[in-house]
Undergrad: 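Okay, handing you the structure first.
A note on names: the letters A, B, ... follow the listed sequences, proteins ahead of strands, and every chain is numbered from 1.
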Amino acid sequence: MNRLNKILFFAILITAGLSSCKDDEPETKKAGEVTIEFDHVWASTESEFSLNKELTHPLLGEKMTFNIFKYYVSNVRLKAKDGSWYTMPESYFIVDADPAGSNKVVIPDVPGNEYTDVEMMFGVDSTRCTSGAQTGVLDPAKGMFWSWNSGYIMIKAEGTSPNSTSGNFTFHLGGFKGTNKVQVTKTYNFGATALVVDGDREAEIHMIANPARLWHSADKLAVKNTNTMPNTIAKTMSSTYYDAIRFDHIHN
Amino acid sequence: MISYKIRFLLFFALIWNFSCQDDRDKSDFGLTYPDYFPTPHYQFGKNTLTREGFELGRALFFDPILSVDSTISCASCHSQGHAFADHNTALSTGILGKTGNRNSPAMFNLAWQPVFMWDGGINHIEVMPLAPITNEVEMGEDMLKIASKLSRNPSYSKRFQRVFGEKPIESQQIFYALAQYMSMLVSADAKYDRYRQGKESLSADEQDGLQIFRNKCASCHTEPLFTDFSLRNNGLEVLNDDLGFGRITLEEADKYKFKVPSLRNVVLTYPYMHDGRFRTLDQVLDHYSKGMVHHNNLDPLLMTNGQPGILLTHTDKVKLKAFLNTLSDYTFISNPLFSE
C-alpha cells in the first residue's frame, strides 16, 4: 500500500466510524424505570373502588365492604418494537388496594427502547410455590402463603357484608397445579403509541382491574362467604377477575 | 457484559470458594448416611449447611420463643427420646392446652422426605415450620413477630449475623436454620443397620420377621427408609371427617389416604396411625390381619382374596415384632448433637 492509499484508507475508516456514530445517536436511549399502575374500579359502571367503603354488587344485589384486597403479579416482560423481549429478573409483586401497600409494579433498569407490549403473570409461578423459603414479597410472613397446603394465596379479598350469614367474607384464592391451577400469563398490546423508555422520562402503563368481577360467575355471599383453599371456586373467581383486567393507557 | 478476563477470575474464585467450603464441610460437618440410603431429596440449595447454622436451628427448635406465649417449643411435641414423636400421647397439646386432631409424627431422615404432614400437604422442608408456628392450636405465632423477638435478643441477633451475615432477621433465615437442624436428624444406626453393614447378626426370629416384613409390609414401608412416602389408605375405620390427602387434592380417589409413615424407631413412637388410635404394635398387627374395614380407596395391596386384610398368623406377628424391634436407633435418640 502506498502512502496515499494508506491515508485514504484511514480517512474512509474514520468517516465510516463517525457516520455510524451519527446514525446511532437518535437510537441510544438510556435505561429507565417502568411503572405499571393498577387502577381499581367497581362493577360495570367502573365507579371508584376503595377499601372500607360500602359497595353494592349489581349482579349479586349484595352490599360489601372490603378490608383487604391484594394479589400477586409476577414475571413481567416487555416487548420492544424490534420484537425482542426484556425480562425483569426476580419479578414478584403484591398489588394492594390498601394505600399502605402499593398498587404499582415498578420495573427498574429497563433498557432504553420503545416497547409495544407488556406481559405479566397473575399469580405466582409453580417453581416458586415449590422452592422452599422465599424472601421479599414472597416471604410467607406476608400472610399470602398457605401453611398447611404449600402454595401462594394469589388473591386475598376480605371484608364485611350484611348479606353474609357470618357478617364477613373471606376469599383466599390460589392453587398452582392440576386442573385448579390459578396463575395465568397475559400479554397486553399498547396500540398505536409505543412506550418509550429513556432515562428519567416518565414511562407508565395504566391497567384497570375490577374486583367486582370476582363474583362474575360465583355464588352470592348469602350462599358462600368464604373459600380459603385451591378448588374450582378459587379457579372460577380468580379467572373471571384476571380476565377482566385490561390495559387502559400509557403515560409517556 | 463481563469481560472474559473477569469471568475467568470469577470462575476461579468460585472454584476456590467451593473447594474451601468442601474441605471445611467434609472434615468438620455435613450430612452423612449409609451407602444403601438413596440420595437425599433435600439438597440445601442456597441454604448452605454449616455447624453454626445447624446449632442455631437446634436452639430455635428447643426454644418456646417461637410460640405466642412462650410456652411451647417444637420439642414440646417432638421429643428426642421418642425419636422426635410426642411423649406417647395420641394428640399433642399446644398453646393454652389446646389439642389438634392428628398424632405428632416422629422426625428423622427428613432430608429424604419429598412431602410432609400426614396428608402430604407441605411440599418443602424449609416451609414446614410455618404450619406449627402459625397454627392456632399449636404455637399461634406470626413470623414477623418471631423475627422481631429474635432481633431484640442480643445472643440470637449475634448468632443470626454470624450465620447469615449482617442483615435484618427474616423468616427465610429462621426457616433455613430449622431446615439445617431437621435435615441432620439422620437415624441410621439401628440393629437393622448394623446387620445391613455386616457388623451384627439378627436372631432367628428377627431374621424370619424380616422375611415376613419383606413379603407383607415392604411394598409400602420400603427399605431402607421404611416408607415409600406415598399416600395410601390402609383400611382404618373412618372415625372423623379428616379426609387426609383428599383434603389437599379434593379428589374422591384420595379421600382418607395418609402418608405411609417410616417404621424406623416404631417401638418408641406409639401410639400409632394419623390419629394415634392404636397404643400397641399388637393392635396394629391385629388391624392388618383382622381389623381392616373396606373402603373405596383401600389399597389393593391390602386385599386378600377380595377381602380387606392380610394373612398373619400368631407366630408371624411374634416374629414381625421381633424384627420391628431391630429398627430402634438408640444412638439417634441419645445423640448429644441433637439435644438442647
Undergrad: Under 3.5 Å, is there a donor-acceptor pair between the side chain of E126(B) and the main chain of G132(A)?
TA: no
Undergrad: What are the two closest heavy atoms between T135(A) and E170(B), and how far apart are they?
TA: CG2-OE1, 3.4 Å
Undergrad: Can you confirm whether E136(B) is buried at CD, in the sense that more than 12 heavy atoms of other residues, nucleotides or ligands lie under 6.0 Å from that atom?
TA: no
Undergrad: Kindly check if the number of other-residue, nucleotide or ligand heavy atoms within 6.0 Å of CG (D200(A)) is above 12?
TA: no
Undergrad: Should the heavy atoms of other residues, nucleotides or ligands under 6.0 Å from CG of N52(A) be counted, would the total exceed 12?
TA: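 Above 12, so yes.
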Undergrad: With a 4.5 angstrom heavy-atom cut-off, is it the side chain or the backbone of T232(A) that approaches chain B, or both, or neither?
TA: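 Looking at T232(A), nothing touches chain B.
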Undergrad: So what's closer than 4.5 Å to chain A heavy atoms on S171(B): side chain, backbone, both or neither?
TA: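 For S171(B), heavy atoms of backbone and side chain both lie under 4.5 Å from chain A.
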Undergrad: Which atoms form the tightest heavy-atom contact between M229(A) and L250(B), and what is the distance?
TA: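 Minimum heavy-atom contact is SD-CD2, 3.9 Å.
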Undergrad: Quick one: OG1 on T249(B) to CG on N149(A), what's the gap to the nearest 0.5 Å?
TA: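 Going from the OG1 atom of T249(B) to the CG atom of N149(A) covers 9.5 Å.
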Undergrad: How many angstroms lie between CD1 in I248(B) and CH2 in W146(A), if you round to the nearest 0.5 Å?
TA: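 Separation between the atoms: 11.0 Å.
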Undergrad: Report the distance from atom CG of L130(B) to atom CZ of F145(A), rounding to the nearest 0.5 Å.
TA: 7.0 Å
Undergrad: Does CD in E252(B) sit with more than 12 non-hydrogen atoms of other residues, nucleotides or ligands closer than 6.0 Å?
TA: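 Counting other residues, nucleotides and ligands, CD of E252(B) stays at 12 neighbours or fewer.
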Undergrad: For a 4.5 angstrom cut-off between non-hydrogen side-chain atoms, does F175(B) reach P140(A)?
TA: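 Yes, their side chains come closer than 4.5 Å.
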Undergrad: Considering residues, nucleotides and ligands other than K181(A), do more than 12 of their heavy atoms fall under 6.0 Å from its NZ?
TA: no
Undergrad: Testing the basics here: between A133(A) and V127(B), what is the closest heavy-atom pair and its distance to 0.1 Å?
TA: N-CG1, 3.9 Å
Undergrad: Below 4.5 Å from any heavy atom of chain A, which atoms of Y42(B) appear? Answer side chain, backbone, both or neither.
TA: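 Neither the backbone nor the side chain of Y42(B) comes within 4.5 Å of chain A.
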Undergrad: Which value, rounded to the nearest 0.5 Å, describes the distance between S131(A) atom OG and H124(B) atom NE2?
TA: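 Going from the OG atom of S131(A) to the NE2 atom of H124(B) covers 6.5 Å.
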Undergrad: Could you grab the distance from atom CE of M143(B) to atom OG of S147(A), nearest 0.5 Å is fine?
TA: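 Answer for the CE-OG pair, M143(B) versus S147(A), is 11.5 Å.
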Undergrad: Got a second to check how far C129(A)'s SG is from N123(B)'s CG, nearest 0.5 Å?
TA: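 The SG atom of C129(A) sits 8.0 Å away from the CG atom of N123(B).
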Undergrad: For atom NZ of K30(A), is the number of surrounding heavy atoms from other residues, nucleotides or ligands below 6.0 Å larger than 12?
TA: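 Open: at most 12 neighbouring heavy atoms sit under 6.0 Å from NZ of K30(A).
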